[in-house]
Amino acid sequence: VCTMASKTHPPLMKKHSQTDLISRLKSRKILGVGGEDDDGEVHRSKISQMLGNELKFAVREPIGLRAWILISAVGFTLMAVTALVFPNQLYELVFEEELFTTSISVRLYGAALLSLALIMWNGLYTAEKVIIQWTLLSEACYFAVQFLVTCITLMEMGILPNAAMLLLLSRVLFFVVTIAYYYHLGRKPKKI
């Protein structure tokens, strides 16, 4: 028993983890930092891993996106108010013939447009990429459906007024611009 107590131990060797690359990599792997997560993001510390990185939610917006959403919101609002307040005049402007039936269908169209306008106004003031994408997708769906409904209505009526042709061409243009923004916003950013 005495021999063990009197035995001297060799001096402790300190490991310099700053210079030992393999040790540093092992330590970071054990801590769960430094590697890529499912989104391809590299966490520098456990704190950023727990709290999340706010850069992940920052959106690299295409040039003119906010202006396009503002133009859409104003356009949808004006069209909705026009359809709600002056349904007969709006119908006559587009189809160049009088509305003989009740104007409730045009007013319902105005109510739907007002709902879409509210979505546009919300999309204008948000910074979340998903909300902006859903806003653009809603707008694109509206333009596509309106194009189809207007085409079918014109074929049933057997007429092709200039105002309706202008409406159809504008819907195609608006659809293309909206889809372009939607596609550009949905792309993954390139790593620098």
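Bear in mind that the values here come from a model prediction, so they are computed numbers and not experimental data. Note that these values count all heavy atoms, side chains included, but never hydrogens, waters or copies made by symmetry.
Residues Leu169 and Leu160 are members of separate hydrophobic clusters, defined by side-chain heavy-atom contacts under 4.5 angstrom among Ile, Leu, Val, Met, Phe, Trp and Tyr. Cluster membership for Tyr181 and Tyr183, using ILVMFWY side-chain heavy atoms within less than 4.5 angstrom, is not shared. A single hydrophobic cluster is seen to contain both Val130 and Ile119, as judged by linkage of ILVMFWY side chains at heavy-atom distances under 4.5 Å, directly or through other members. Hydrophobic clustering (ILVMFWY, side-chain heavy atoms < 4.5 Å, transitive): Tyr125 and Ile131 are in distinct clusters. No chain of hydrophobic side-chain contacts below 4.5 Å, direct or via other Ile, Leu, Val, Met, Phe, Trp or Tyr residues, connects Leu108 to Val81.
Distance CD/Glu139 to CG/Leu116: 8.5 Å, rounded to 0.5 Å. The distance from the CG atom of Leu136 to the CG atom of Leu65 is 6.0 Å, given to the nearest 0.5 Å. To the nearest 0.5 Å, atom CG of residue Asn122 and atom OG1 of residue Thr126 are 6.0 Å apart. With values rounded to the nearest 0.5 angstrom, Trp121 atom CH2 is found 5.5 Å from Leu70 atom CG. Taking SG from Cys151 and CG from Leu167, the interatomic distance works out to 9.5 Å, rounded to the nearest 0.5 Å. In this structure, the separation between CZ on Phe147 and OG on Ser170 is 10.5 Å, given to the nearest 0.5 Å.
Counting all heavy atoms, side chain and backbone alike, Ala73 lies closest to Thr77 at O-OG1, 2.7 Å. The minimum heavy-atom distance between Thr178 and Ala140, with the atom names listed, is CG2-N, 3.8 Å. Taking both residues in full, the closest heavy atoms of Ala144 and Phe175 are given as CB-CE1, 4.0 Å, listed atom of the first, atom of the second, then distance. What you find for Leu90 and Ala83 is that their closest heavy atoms are CD2-CB, 3.7 Å. The two residues Leu114 and Ala80 come nearest to each other via the heavy atoms N-CB, 3.4 Å. Nearest heavy-atom pair, Arg107 versus Leu84, reported as atom, atom and distance to 0.1 Å: NE-O, 2.9 Å.
Take Arg66 and apply the salt bridge (Lys or Arg N to Asp or Glu O under 4.0 Å) test, not counting sequence neighbours, and it matches Glu61. Applying the ring pair (Phe, Tyr, Trp, His ring centres under 6.0 Å) rule to Phe174 yields the partners Trp68, Phe143; only residues at least two apart in sequence or on another chain are considered. Here Tyr142 pairs with Tyr109, Gln146 under the side-chain hydrogen bond (donor to acceptor under 3.5 Å, both in side chains) rule; sequence neighbours left out.
Side-chain contact between Thr135 and Met120 is present, with heavy atoms from C-beta onward closer than 4.5 Å. At a threshold of 4.5 Å between non-hydrogen side-chain atoms, the residues Leu137 and Gln133 do not count as touching.
For the side chain to side chain contact (heavy atoms under 4.5 Å, CB included) test with Thr150, the passing option among Leu148, Ile152, Thr153, Leu154 is Leu154; the others fail.
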